[in-house]
**Student:** 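Please see the structure below; I have some questions.
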Amino acid sequence: QVQLVESGGGLVQPGGSLRLSCAASGSILASNVMAWYRQAPGKQRDLVASITGGGSTKYGDSVKGRFAISGVNAKNTVYLQMNSLKPEDTAIYYCNVDLDGVNYWGRGTQVTVSS
């Protein structure tokens, strides 16, 4: 079994920063891809950032230059550093791991960007 638990969400003003954490347990290998997704009400779930054991990263177009994913090597915790936050970043953020095509998800953590 695999368990992913997100934390670090909350309310922040535009231009502020948050650091999300995902505590992972189970049969996760360093080679598995881990990622953050987000979903706002009425919207589809979109990729925010992903990282491989080799350090290759991908980012959604709307967060490039503002967000950074890290912590994949240990596989116990993966982080998402979010800077220069915008109201459009408001969503539930989900941690994800791809185990050779089988996806596991955390429950999500709410991020609200508002003045």
Side-chain angles (χ1 to χ4, degrees):
Q1 62 180 350
V2 173
Q3 186 172 26
L4 305 171
V5 181
E6 303 95 337
S7 62
L11 175 64
V12 64
Q13 295 185 17
S17 298
L18 283 175
R19 189 191 192 194
L20 305 183
S21 298
C22 174
S25 62
S27 301
I28 300 174
L29 303 175
S31 59
N32 294 133
V33 176
M34 298 191 72
W36 288 93
Y37 287 74
R38 68 185 183 186
Q39 187 170 28
K43 303 291 185 179
Q44 67 180 6
R45 187 174 297 186
D46 293 326
L47 173 70
V48 176
S50 66
I51 188 167
T52 69
S56 298
T57 60
K58 292 182 179 180
Y59 294 93
D61 290 340
S62 64
V63 306
K64 289 179 180 177
R66 300 189 296 121
F67 292 9
I69 187 170
S70 64
V72 71
N73 289 339
K75 283 295 189 293
N76 59 325
T77 305
V78 62
Y79 303 99
L80 182 69
Q81 179 66 46
M82 306 187 296
N83 300 319
S84 302
L85 284 162
K86 306 174 181 179
E88 309 93 85
D89 296 318
T90 297
I92 300 175
Y93 285 70
Y94 297 92
C95 185
N96 165 270
V97 61
D98 179 0
L99 300 186
D100 295 326
V102 179
N103 283 275
Y104 293 84
W105 301 89
R107 287 181 172 270
T109 184
Q110 177 71 47
V111 173
T112 302
V113 184
S114 177
S115 59

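Keep in mind the model is a prediction, meaning the values are calculated, not measured.
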**Student:** Check for me, please, whether Val78 and Tyr59 land in the same ILVMFWY cluster - side-chain distances under 4.5 Å, paths through other members count.
**Tutor:**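 In one cluster with Val78: Tyr59, yes.
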**Student:** Search all heavy atoms of Asn32 against all heavy atoms of Asp98 and return the closest pair with its distance.
**Tutor:**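 Closest heavy-atom pair between Asn32 and Asp98: ND2-O, 3.5 Å.
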**Student:** Drop me the distance from Ile51's CD1 to Lys58's NZ, to the nearest 0.5 angstrom.
**Tutor:**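 If I round to the nearest 0.5 Å, the distance is 13.0 Å.
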**Student:** Taking all atoms of both residues into account, what is the closest heavy-atom pair of Leu4 and Ala24, and its distance?
**Tutor:**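 Looks like CD2-CB, 3.6 Å.
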**Student:** Kindly compute the distance separating SG (Cys22) from OH (Tyr93), expressed to the nearest 0.5 Å.
**Tutor:**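 Here the interatomic distance stands at 15.0 Å.
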**Student:** Would you give the length of the straight line joining atom CD of Gln44 to atom CD of Gln39, rounded to the nearest 0.5 angstrom?
**Tutor:**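 Reported to 0.5 Å precision, the distance equals 8.5 Å.
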**Student:** Quick one: does any side-chain atom of Glu6 pair with a main-chain N or O of Arg107 as donor and acceptor, under 3.5 Å?
**Tutor:**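 Judged by distance alone, yes, a pair lies under 3.5 Å.
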**Student:** Please give me the minimum heavy-atom distance between Ser21 and Trp36, naming the atom from each residue.
**Tutor:**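 Answer, listing the atom of Ser21 first, then Trp36: O-CH2, 3.6 Å.
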**Student:** Please report the closest heavy-atom contact between Ala49 and Leu80, naming both atoms and the distance.
**Tutor:**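 In this case the closest contact between Ala49 and Leu80 is CB-CD1, 4.2 Å.
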**Student:** Are the side chain of Thr112 and the backbone N or O of Thr90 linked by a donor-acceptor pair below 3.5 Å?
**Tutor:**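 Here the side-chain-to-backbone pair does not exist.
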**Student:** Same cluster or not: Ile92 versus Val63, using hydrophobic residues (I, L, V, M, F, W, Y) connected whenever any side-chain heavy atoms lie under 4.5 Å apart?
**Tutor:**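 No, Ile92 does not connect to Val63 through the hydrophobic network.
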**Student:** What pair of heavy atoms forms the shortest contact from Arg66 to Leu85, and how long is it?
**Tutor:**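 Closest approach of Arg66 to Leu85, heavy atoms only: NH1-CA, 3.9 Å.
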**Student:** Say you draw a straight line from OG of Ser62 to CG of Asp89; how long is it, rounded to the nearest 0.5 Å?
**Tutor:**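 It is 6.5 Å, given to the nearest 0.5 Å.
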**Student:** Using the side-chain contact (heavy atoms from CB on, under 4.5 Å) rule, take Val48 and Tyr94 through it: C-alpha gap first, then chi angles, then the decisive distance, then the call.
**Tutor:** CA-CA 9 Å; Val48 176; Tyr94 297 92; over 6 Å; no
**Student:** Quick check: is Leu20 connected to Tyr104 through a chain of hydrophobic side chains (ILVMFWY, heavy atoms under 4.5 Å apart)?
**Tutor:**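 Yes, Tyr104 and Leu20 fall within the same hydrophobic cluster.
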**Student:** Taking C-beta and beyond as the side chain, do Ser17 and Val12 meet within less than 4.5 Å on heavy atoms?
**Tutor:**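 Side chain of Ser17 against side chain of Val12, heavy atoms only: no contact under 4.5 Å found.
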**Student:** Residues two or more places apart in sequence or in another chain: which of them pass ring-ring contact (aromatic ring centres under 6.0 Å, His included) with Phe67?
**Tutor:**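 Counting only residues at least two positions away or on another chain, Phe67 forms no ring-ring contact (aromatic ring centres under 6.0 Å, His included).
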**Student:** Specify the closest pair of heavy atoms between Lys64 and Asp61, including all atoms of both residues, with the distance to one decimal.
**Tutor:**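 The answer is NZ-OD1, 3.0 Å.
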**Student:** Apply side-chain contact (heavy atoms from CB on, under 4.5 Å) to Val102 and Asp100, showing your working.
**Tutor:** CA-CA 6 Å; Val102 179; Asp100 295 326; over 6 Å; no
**Student:** To the nearest 0.5 angstrom, please state how far the CG atom of Asn103 sits from the OH atom of Tyr37.
**Tutor:**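 The CG atom of Asn103 sits 6.5 Å away from the OH atom of Tyr37.
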**Student:** How many angstroms lie between OG in Ser50 and CE in Met34, if you round to the nearest 0.5 Å?
**Tutor:**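 Rounded to the nearest 0.5 Å, the OG-CE separation comes to 11.5 Å.
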